[in-house]
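What follows is a single structure, written as structure tokens, with notes after it.
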There are 2 protein chains.
Amino acid sequence: MSSKVIIAIVSKRLKEDLKVLILNSAKKLFVEKGIEQTTIRNIADAIGCSIGTVYVYFKDKNAIFHALHTQGFIQLSSEFKVLLNVSNPMERLRAMGKVYINFALKNRDMYDLMFNLKAPMEFLNDEKLHEWNEGKATFDVLRSTVNECLAAGYFKGHELEPTAFMVWSMVHGMCSLEISNRSVGVNIQNPETIVTAAYEEFMKVMDKL
Amino acid sequence: MSSKVIIAIVSKRLKEDLKVLILNSAKKLFVEKGIEQTTIRNIADAIGCSIGTVYVYFKDKNAIFHALHTQGFIQLSSEFKVLLNVSNPMERLRAMGKVYINFALKNRDMYDLMFNLKAPMEFLNDEKLHEWNEGKATFDVLRSTVNECLAAGYFKGHELEPTAFMVWSMVHGMCSLEISNRSVGVNIQNPETIVTAAYEEFMKVMDKL
DNA sequence: TTTGAAAAATGAACAACGTTCATTTTATTT
DNA sequence: AAATAAAATGAACGTTGTTCATTTTTCAAA
């Protein structure tokens, strides 16, 4: 009888957490082996369930990758929390870029999923949700920081949204070129430090405004 | 006899051009339907040859996409030719960015292939060619333009290569965010003009240097 | 405790993919 | 006309994402 109870408890626990287990399995495979090795069969095998079970909890593969991409944004916004310690908006903007770049280069596939790959966006289209809440929230942080810079007298004569998008494009572009292996093939003298150097250059430029 | 000769000539022509036919077929499918609809079977069907024949002329799918990506760079460098008319280096840099952005937004999938997708780079790795000649040549144009700007007194106190990489990252980032549908989902007031507006903002910044 | 309906899990089956290679067809030379 | 070389072929293999009829499990009512 007691063993039956235990089995029931374990079984209950497994049932409730199966979606989480699938997601953890997917994330582990994704981070360790990349997106092309993260197949439904590999995910199912890793937790000892069947292929069909994965489809009980996720509509399709895009749904899984969208859930992973959301986890990535949770991690990124968690790493943004250190910015609360920086009161000066210009310094905070600089630190924000560093956190962003650091996250991108330390979590290359995850960054790719969050800001490049089509899968998460295709899931949104399927669900008729035209709201990319994760991106919206993240961009809001950037926009309000740039807004504070404007209020503090920086960026005189510049528009809020174009300037914020400019900053985002800058750091995203550097990270994207690095992750897609385009910066290494281009005959730059110090390829291993070019992202940092270019970001410092950009910050020097912004300081002059 | 004369018909035999004609057949021989036609046959010869077809044989010599088969690689080109395959590539044209691939490009048409790629531009019209995107990368996921460009399958070996579709390519072969479109020109009425067999699957195996494609593999006679191309090692694998990466080889085809690398060839397409090279065609993209040929087109881009062709569009860069109008820049020869612009003598002032700063004006030329500005015009270069506009040509680049225009190319990216009018050839989205091609741009993605050239600067984001892994296929062309994987082909280089397979062939032990760590030289991305197309990217190298294109970046050389940018670097020398920035160098001329420096020589003309612009960008005082800034390093050549980090500055050039900064400019590339800027325009690439904007195009990349736009093409991957990240800019539209982020709650910007004028999403349809944000790339142009941000580029104008960036040029205003560069003018101040 | 037994029963039976609802919920969950299953995995064989399907279509489509990239890739290979023994075979056939075509071209060229002898 | 025959022999040789080159080119083209498509059936077959191993994967992939996805579906769905079937089986198993769950759990409240009898």
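Worth knowing before you read on, the calculation uses all heavy atoms, side chains too, and leaves out hydrogens, waters and symmetry mates. If you're wondering where the values come from, they're calculated on a predicted model, not measured in any experiment. Proteins get letters first, then strands, A, B, ... in listed order; numbering begins at 1 in each.
Among C/dA9, D/dT9, C/dT19, the nucleotide with an atom closest to any side-chain atom of B/Lys61 is C/dT19. Between C/dA8, D/dA8, D/dT18, one nucleotide has an atom nearer to the side chain of A/Tyr57 than all others, and that is C/dA8. Here the nucleotide nearest the side chain of B/Leu18, chosen from D/dA8, C/dC17, C/dT10, is D/dA8. The side chain of A/Thr53 approaches C/dA9 more closely than any other nucleotide in the set D/dA12, C/dA9, D/dG17. Distances from the side chain of B/Tyr55 to the nucleotides D/dA8, D/dT18, C/dG18 place C/dG18 closest.
Ring planes of B/His69 and B/His66: tilted class, angle from 30 to 60°.
For A/His172 and A/Tyr111, the ring centers are positioned less than 6.0 Å apart. Taking the six-membered ring where the residue is Trp, the centroids of A/Tyr100 and A/Tyr199 are separated by 6.0 Å or more.
In this structure, B/Ile35 places its CD1 atom 20 Å from P of C/dA16, rounding to the nearest Å. Computed from coordinates, the A/Ile47 CD1 to C/dA9 P distance equals 10 Å when rounded to whole Å. For the pair B/Ile40 CD1 and D/dG10 C1', the computed distance is 15 Å after rounding to whole Å. Note: NZ (B/Lys59) to P (C/dT19) measures 9 Å, nearest angstrom. Rounded to whole Å, the distance from CD1 on B/Ile51 to C1' on C/dG18 is 10 Å. Atom NZ in B/Lys19 sits about 18 Å away from atom P in D/dA6, given to the nearest Å. Taking atom CG of residue B/Asn42 and atom C1' of nucleotide C/dG18, one finds them 13 Å apart after rounding to whole Å. One can place CD1 of B/Ile43 at 11 Å from P of C/dC17, the figure rounded to the nearest angstrom.
A salt bridge does not link A/Glu91 with A/Arg94: none of the charged nitrogens is closer than 4.0 Å to a carboxylate oxygen.
Listed here is the closest heavy atom pair of A/Asn190 and B/Glu161: N-OE1, 4.3 Å.
Toward the 5′ end of DNA chain D lies the nearest nucleotide of B/Cys49, the other residue of the pair B/Cys49 and A/Asp60 mapping further downstream.
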